[in-house]
Amino acid sequence: MKKIAFIVLALTLVCGCSKKQEVLDSEQAMSGEEINVVTDVEQQAIPLAGEEAITAKSAVEAIPLETEPFEYIKPSGEEIQTALKNAGYYSGPIDGDIGPKTKKAIEDFQQANGLAVDGKVGRKTWAVLSKSLNTAPGTSAQSE
């Protein structure tokens, strides 16, 4: 029984290694012409109107690695209160003070929009709330 287990283990190791070798062999089989095609595409300049020409390689290098679909810039107290007022959740003065009335409005907004109710305007809350920043008071950004 031990011999059979040893043989199965040995075959598994040999087969696994040979598959890895097949992949390596196929990668090494790429001709110099194919490699040049990739290099040529990277080097072709793309002229842009009124700007310096860029290459595909420089365009890719210019993209930040930590790109997010929504850039979060921490909102001011006035922005939060204005957006809450425009969305119909806050009726107090726009003074920038995040006091109990503003916190309650934030929590109500979060509850109504299916967000985590913590009374804080983080990335997710601001992504939704910011849509009301430039709307008329009492109108919903969702109705636009």
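The backbone N or O of Ile98 lies less than 3.5 Å from no partner atom in the side chain of Gln81, so there is not a single donor-acceptor pair. In this structure, Gln111 contributes its side chain and Val117 its backbone to no donor-acceptor pair below 3.5 Å. In terms of modelled atom types and a separation under 3.5 Å, the side chain of Asn86 and the main chain of Ser132 share a donor-acceptor contact.
Closest non-hydrogen pair, Tyr89 versus Ala112, comes out as OH-CB, 3.2 Å.
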Can Phe109 and Leu115 be said to form a side-chain contact (heavy atoms from CB on, under 4.5 Å), step by step? CA-CA 8 Å; Phe109 178 83; Leu115 299 163; 4.2 Å; yes
For a side-chain contact (heavy atoms from CB on, under 4.5 Å) check, start with the C-alpha distance between Lys85 and Ile94, then their side-chain angles and the critical distance, and finish with the verdict. CA-CA 9 Å; Lys85 183 172 265 193; Ile94 307 293; 4.2 Å; yes
Worked verdict on Trp126 versus Glu79 for side-chain contact (heavy atoms from CB on, under 4.5 Å): CA-CA 10 Å; Trp126 186 242; Glu79 289 173 320; 4.0 Å; yes
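To the nearest 0.5 Å, atom CG of residue Asp118 and atom NZ of residue Lys124 are 10.5 Å apart. Note that the CG atom of Asp95 and the OG1 atom of Thr102 stand 6.5 Å from one another [nearest 0.5 Å]. For the atom pair NZ (Lys104) and NZ (Lys101), the distance works out to 13.0 Å, reported to the nearest 0.5 Å.
For the pair Ile80/Tyr90, no side-chain contact is recorded, criterion being any heavy-atom separation below 4.5 Å from C-beta on. The closest side-chain heavy-atom distance from Ile106 to Lys120 is not below 4.5 Å. Contact check for Leu133 versus Thr82: side-chain heavy atoms found under the 4.5 Å cut-off.
Summarising the local packing, CD of Glu78 is surrounded by more than 12 heavy atoms from other residues, nucleotides or ligands at distances under 6.0 Å.
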